[in-house]
Number of protein chains: 2
Amino acid sequence: MAEVRSPDTRERILDAAERLFMAHGYEGTSMRQITGEAGVNLAAVNYHLGSKEALVQEVFRRRLDWLNDERMRVLNAMEAEADGKPLKPSQIVDGFFGTLLRMADDERRGGITFLRLLGRMLTDPSEFIRAFFAHEYSEVIDRYKEALFKALPDVPKAEIVWRFHFMLGATSYAIAGTDALRVVTDWQIEEADATDRLDRLVPRLMSFLLGGLRAPLPQFSDAEAVGK
Amino acid sequence: MAEVRSPDTRERILDAAERLFMAHGYEGTSMRQITGEAGVNLAAVNYHLGSKEALVQEVFRRRLDWLNDERMRVLNAMEAEADGKPLKPSQIVDGFFGTLLRMADDERRGGITFLRLLGRMLTDPSEFIRAFFAHEYSEVIDRYKEALFKALPDVPKAEIVWRFHFMLGATSYAIAGTDALRVVTDWQIEEADATDRLDRLVPRLMSFLLGGLRAPLPQFSDAEAVGK
DNA sequence: GTCTATAGTCTGATAGAC
DNA sequence: GTCTATCAGACTATAGAC
């Protein structure tokens with residue numbers, strides 16, 4: 001049985017970095033802030049992680065490895081159950097986005113802090129960030145895309161890929177939650193109490209995503225597009 | 001008649017800052033990079049704009065002033081036309097999101113560069129950015145929210161506010177476009193040619209947004225929620 | 001493994017000549 | 001208005017004592 005002990009230096013650094021990168025971004029967070037918040041010496045980051053760039057990669061890797069394994073496990077289980085028949089779109093959307101959102105409740109997996117950090121980094125177009133995500137995500141995305149192609153045989157594949165993309169954006173903003181919502185609204189809506197946030201957000205978002213995924217196909221003004 | 005002249009120093013700085021903030025973020029871009037790209041002296045930013053913080057505010061202000069005026073103009077025109085009757089949801093969505101997306105074609109208004117910058121900054125939770133957007137956006141958001149409340153009297157207001165938020169997220173990702181799309185897909189889809197991007201993106205996104213906006217209401221597992 | 005001390009570089013901002 | 005020169009401080013990273 002593993003010895004129970006308080007978080008070691010390496011993990012304290014990762015936790016502090018996760019929180020600070022979420023709040024101020026990668027470039028906006030210094031090693032001094034990170035080590036200060038973690039209560040460790042400045043040199044500890046370079047000793048344990050190597051560099052600031054290696055640190056941010058490890059911050060994501062320790063969470064995404066679990067998330068994508070879980071997404072794979074869920075999809076495999078659903079497909080085994082379906083026995084060759086296509087899955088329902090709602091199952092696929094829940095397997096991908098629901099699994100992500102439910103991380104918000106799991107403090108062992110970073111909780112809401114990691115989800116906000118992820119939503120923020122997905123809009124970062126820098127080559128270094130993009131290459132990392134492309135690598136960590138490609139396998140699971142391919143599997144879910146294929147499942148959607150099978151589930152929606154009448155919808156052109158390009159349309160499904162775009163709608164997948166739109167769903168990611170809506171989810172990213174949903175994660176940022178009340179904070180980002182306050183950017184665009186005074187949010188005087190009566191139910192601002194904190195208790196009913198997450199368990200209502202998930203069904204709310206799922207309805208929206210499925211409505212968008214199954215919307216009538218767009219009519220392009222360009223006539224030639226019909227034959228494509 | 002105004003004299004036609006090449007962009008002056010101030011505008012060259014704003015253009016360079018817009019491009020660099022889009023690519024590397026606010027914290028990731030130095031004054032030296034900005035003045036270097038603009039081909040002006042380092043001291044010019046402080047002389048013309050005052051500080052780096054004042055610079056980024058002016059980068060947004062010069063575009064958002066036009067955008068929000070235009071959104072107001074379109075909404076006022078549609079409501080005058082409707083003569084007191086509720087607008088169609090598709091009209092409202094097009095007035096808000098369509099007006100934004102069509103900026104991508106207008107190089108005089110910053111084009112696709114500004115749109116990507118905007119999408120990126122909307123995920124930044126820092127107080128300084130949020131306060132600025134809340135101020136610049138509040139009036140027009142309120143008017144569009146009210147129009148949606150009128151157009152969808154059977155949908156609870158809280159639901160509409162959330163769906164507005166989800167639509168913003170989907171649009172933000174749509175703007176980031178092919179770049180962010182490549183994060184989550186190899187994008188081997190055949191129609192990757194650049195020519196047919198924007199005029200197809202708008203109907204694609206509009207279908208998705210309207211599908212989400214008009215989706216069936218979510219079922220909360222919490223029974224008490226029904227009476228709220 | 002953890003610390004101090006510091007090297008070497010880059011940052012935003014400004015004073016003052018022209 | 002535009003320039004050079006420079007300040008004072010923050011940054012990442014590392015060498016070397018313990």
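None of the values given here were measured: they were computed from a predicted structure. Chain letters run A, B, ... following the sequence lines, proteins first, then strands; residues in each count from 1.
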Inset, instruction - Enumerate the residues from residues 49-56 of chain B whose closest heavy atom to DNA chain C is under 4.0 Å, giving them by residue number; use none for an empty result. - result: B/S51, B/K52
Inset, instruction - Determine yes or no for a side-chain-to-main-chain donor-acceptor pair under 3.5 angstrom, with B/T29 supplying the side chain and B/Y26 the backbone. - result: no
Inset, instruction - State, yes or no, whether a side-chain contact exists between A/K145 and A/D142 at a heavy-atom distance under 4.5 Å. - result: yes
Legend entry - Spacing between B/L20 atom CG and C/dG12 atom C1', to the nearest angstrom: 16 Å
Legend entry - Output field: ring centroids B/F60/B/F133 closer than 6.0 Å: yes
Legend entry - Residue-level proximity of residues 41-48 of chain B to DNA chain D when a heavy atom falls under 4.0 Å: B/N41, B/A43, B/Y47, B/H48
Inset, instruction - Quickly work out the A/I13 CD1 to D/dA13 P distance and round it to whole Å. - result: 13 Å
Legend entry - Between P of D/dG1 and CZ of B/R12, the distance in whole Å: 16 Å
Legend entry - Closest approach of B/A174 to B/L201 (non-hydrogen atoms, all atoms of both residues): O-CD2, 3.7 Å
Inset, instruction - Decide yes or no for B/H24 and A/E27: does some side-chain heavy atom of the first lie under 4.5 Å from some side-chain heavy atom of the second? - result: no
Inset, instruction - Decide whether B/N76 and B/R73 meet the rule of one side-chain donor and one side-chain acceptor closer than 3.5 Å. - result: no
Legend entry - Closest contact, heavy atoms only, A/E79 versus A/A147: OE2-CB, 4.1 Å
Inset, instruction - Report yes if some heavy atom in the side chain of B/R71 is under 4.5 Å from a heavy atom in the side chain of B/N68; otherwise report no. - result: yes
Legend entry - Strand-adjacent residues in residues 22-31 of chain B, judged by heavy atoms under 4.0 Å from DNA chain D: none
Legend entry - The single option from A/F97, A/F166, A/F208 passing side chain to side chain contact (heavy atoms under 4.5 Å, CB included) against A/T171: A/F97
Inset, instruction - Give the rounded distance in Å between these two atoms: CD1 of A/I34 and P of D/dC11. - result: 10 Å
Legend entry - Short side-chain N/O contact to D/dT2 OP1/OP2 from B/T9, under 4.0 Å: yes
Legend entry - B/R163 side-chain N/O to B/L213 backbone N/O, donor-acceptor pair under 3.5 Å: yes
Inset, instruction - Quickly, which of B/F96, B/F149, B/F164 forms a ring-ring contact (aromatic ring centres under 6.0 Å, His included) with B/Y144? Name it, please. - result: B/F96
